[in-house]
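See structure below.
Within every chain, numbering begins at 1; the chains are lettered A, B, ... in the order of the sequence lines, protein sequences first and strands thereafter. Excluded from the calculations below are hydrogen atoms, water molecules and symmetry mates; all remaining heavy atoms, backbone and side chain alike, are included.
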Number of protein chains: 4
Amino acid sequence: MAKPPNPARRSESSRQAILAATGELCSQVGYGRLTIEAIAARAGVSKKTIYRWWPSKGAVVLELLGETATIATAPPDTGDLAADLHTMLTEIVDILTRDSAGTGVISEALNDPDLARDLRERLIQPGIDAFKQRLRRAQDAGRLHPDADLDVALDLLYGPIYHRMALHLGMPGPAYLGSLITHALRALTPPTPH
Amino acid sequence: MAKPPNPARRSESSRQAILAATGELCSQVGYGRLTIEAIAARAGVSKKTIYRWWPSKGAVVLELLGETATIATAPPDTGDLAADLHTMLTEIVDILTRDSAGTGVISEALNDPDLARDLRERLIQPGIDAFKQRLRRAQDAGRLHPDADLDVALDLLYGPIYHRMALHLGMPGPAYLGSLITHALRALTPPTPH
Amino acid sequence: MAKPPNPARRSESSRQAILAATGELCSQVGYGRLTIEAIAARAGVSKKTIYRWWPSKGAVVLELLGETATIATAPPDTGDLAADLHTMLTEIVDILTRDSAGTGVISEALNDPDLARDLRERLIQPGIDAFKQRLRRAQDAGRLHPDADLDVALDLLYGPIYHRMALHLGMPGPAYLGSLITHALRALTPPTPH
Amino acid sequence: MAKPPNPARRSESSRQAILAATGELCSQVGYGRLTIEAIAARAGVSKKTIYRWWPSKGAVVLELLGETATIATAPPDTGDLAADLHTMLTEIVDILTRDSAGTGVISEALNDPDLARDLRERLIQPGIDAFKQRLRRAQDAGRLHPDADLDVALDLLYGPIYHRMALHLGMPGPAYLGSLITHALRALTPPTPH
DNA sequence: CGATAAGCGAGACGGTACGTCGAGTCTTGTG
DNA sequence: CACAAGACTCGACGTACCGTCTCGCTTATCG
């Protein structure tokens, strides 16, 4: 029945227009008030064209985020672990602070399992992999305890950001971020030999 | 113009019926598919009555959570800090796992500043206060570093839960929670004198 | 069941306030947009008080019309039949032109048999009786054909007014009214003996 | 802003279903209790589709009347003026008696200038034109006074019907209609030469 | 190289829920 | 017990978007 469209014949210009319109509207009215109807109108595109390629507005914004993001790239490695972590965390904070697209997709995904899966697979997991990769290097360099659980590390470092976002406790500034990193590393670092 | 109704004349039975209906529907169809229309119908109540006392469906569910919650109560204090933290964290995990009401309100609040404020003031802040109160006792008992920043402690302990919730990384089980607590405490504990 | 209230204890001041408010609102917003709610608010009266004494907004306006009207009084009799008819018809035209109360009640009565009955019995029938009384005098004076049907006379004289009102053909001015009277009387007058 | 829809793409089947449902409901519950909601439900049509093409329920019923009506057609001309008038007047009486659609639209139009204009232009004026055309022929044939004012004729003949409708005096039967026609013609006919 | 099938814009369609309005009823407290 | 105040249920309003569905119109393969 549901015959999937042929991606080869897809109009790239329409795709671009849709993502552009989505971005503009999202900054103007916020993710909550964003509608497919408005995106189509602003992009000069048929609603059908949007529904042909995306299952929901969340999926469109997700793709927009993927377009913009530098997240999934290789982690920075300056040799200074704390500084690199600071860079990585700051990027997430920026995304969640910049406009409502980031928090919007996260909020939508909380009620939409399909979107949640896409979000995790396309944006989150690559970021996690990069993070772990960087930490493993630090571990190899003896900077972290050799038995340190990297999942725990992930939670300790990224957790505070999402905690503060979810409960509106104020996004962490650079200094506070530094403090968090210090504490987290202390939990993961082998006791300094005296 | 918009004259606020007189709370003294409010029908308590309607309020109860609305909250009950909200709870039932939320478990049945999930927060996302919950509608004011359905709540009114199931509660045998006029939509107007709902709109008279709550600004949005999120606000209704928030009040329902507040009704149910034991969160804001005094924190447990068995003397065993790690065990008490486990109890407190488990409660949050339960709330976020039980049904879609908890995550639903959080997701809604991400796009609705008014709801976000209510959520923080009515549910979150009391919990934070209780948490800090417990930690301060531990600090006084020398269990924590005297200079430990309790905000950092909060973030390190609760952050992982919201991190995993927001990104659908799987909610932490008791064991993993224990591991997190161990790590977090290590970051907050004075170095054991050798 | 439906226990009728005791008219003796009725508050005359409330009644006055309701009718006054009705009149003012009717001129301001028109019969169509008139609501019981607004009448109660403007009159400083409980909605219940209105419903206690009147079955519908149409009934209130009807009573207001009855209060204002001079219709039911004795017909003018200057001896000049045509002039007297002109006076009587002009009064109706005035009522239907002045504000939306007159046409409003008529329009409501078209869909509300109870109101229709009240309208006819309280306002219309007395007017008809007065009209016929005047015509009968003319008949006795030989001014009309002795066999003339007064119902027909009523229809011929008043019909045009309601015709033009109902179909929005423009209410007749004094001159046109005169022409109508002339024609109607011609139909009712005995052929002049040659 | 308010972009009018493209009539070319209009669904004729929806239009038919709407008018049919309107007719059925109007006979069943009467014009007063007719609602757009019920029409949409019965017609299996979205409310939006009704609002897209009609401004109000009155407009829908008006179109239904226009669909049904034979009014605007050429007037009958059997050579017998009185008989032809009887035919024409009877048709109006029938429409106003058949169901509540006719009186309903008239009552609505009394409070809605836009509907009133549509009613007059689409239904009434063509009927008036046909009526006058027939009378002009009678005039040419010497059956009416050459100076007779056809507007007066219209008022004298149709007026009684609307008078009795508006004031609920009982719709005229065939005999009474004949009597009215006789009288009206007497007012419009040249004095018979002796 | 011309048919033909696809994506496309436009936007009408059946739906669902929205948030508001007013009707008419009911409750509470006052005089 | 009539009244002012106003909360209540009910039902309809008119609107907004949803996601689906024709329509013609490119446009880009493939027989």
Within the distance-only criterion (no hydrogens, no angle test), does the side chain of Ser14(C) pair as donor or acceptor with the backbone N or O of Arg10(C) below 3.5 angstrom? no
According to a strict under-4.0 Å criterion, is Trp53(B) in side-chain N/O contact with OP1 or OP2 of dC8(F)? yes
Per Ser14(A) side chain, nearest of listed nucleotides dC8(F), dC8(E), dG15(E): dC8(E)
Donor-acceptor pair under 3.5 Å, Arg9(A) side chain vs dT29(F) base: no
Without decimals, in angstroms, what is the distance between Asn6(A) CG and dT29(F) P? 10 Å
Closest to side chain of Ser46(A), choosing from dC13(E), dG11(E), dA16(F): dG11(E)
Where each residue is assigned the nucleotide of DNA chain E containing its nearest heavy atom, which of Tyr51(B) and Gly44(A) is assigned the position nearer the 5′ end? Gly44(A)
By side-chain contact (heavy atoms from CB on, under 4.5 Å) - contacts of Ala43(B) (at least two apart): Ala17(B), Ile18(B), Ala21(B), Val45(B)
State plainly whether the residues Glu67(D) and Arg15(D) are in salt-bridge range, i.e. N to O under 4.0 Å. yes
Between C1' on dA12(F) and NZ on Lys48(B), what's the gap in Å once rounded to a whole number? 13 Å
Provide, to the nearest angstrom, the distance between the CZ atom belonging to Arg33(D) and the C1' atom belonging to dA23(E). 13 Å
Nearest whole angstrom, please: distance from the P of dG11(E) to the CD1 of Ile36(A). 18 Å
Selected nucleotide, minimal atom distance to Lys47(C) side chain, candidates dC18(F), dT25(E), dT9(F): dT25(E)
What are the two closest non-hydrogen atoms of Leu19(A) and Val60(A), and how far apart are they? CD2-O, 3.8 Å
Which nucleotide in the set dG14(E), dC8(E), dA17(E) lies at the smallest distance from any side-chain heavy atom of Arg52(A)? dC8(E)
On DNA chain F, check which nucleotide each of Leu34(D) and Ala40(C) is closest to and give me the residue with the more 5' one. Ala40(C)
Compare the minimum distances between each of dC18(F), dG7(E), dA12(E) and the side chain of Glu37(A), then state the nucleotide with the smallest one. dC18(F)
Phosphate-side-chain proximity, Thr35(B) and dT16(E), N/O vs OP1/OP2 below 4.0 Å: no
Rounded distance in Å - CD1 (Ile50(C)) to C1' (dA2(F)): 15 Å
Can you check the Glu12(B) CD to dC8(F) C1' distance for me, whole Å? 15 Å
Categorize Thr49(B) for me: base, sugar-phosphate, or nothing, with a 4.0 angstrom heavy-atom threshold over every strand shown. base
Heavy-atom donor-acceptor pair, Ser11(D) side-chain to dA12(E) base, under 3.5 Å: no
Rounded to whole Å, how long is the line connecting atom CD1 of Ile18(D) with atom C1' of dA12(E)? 12 Å
Any side-chain donor paired with an acceptor under 3.5 Å for Asp99(D) and Ser27(D)? no
Figure out the CZ/P separation between Arg42(C) and dG6(F), and round it to whole Å. 18 Å
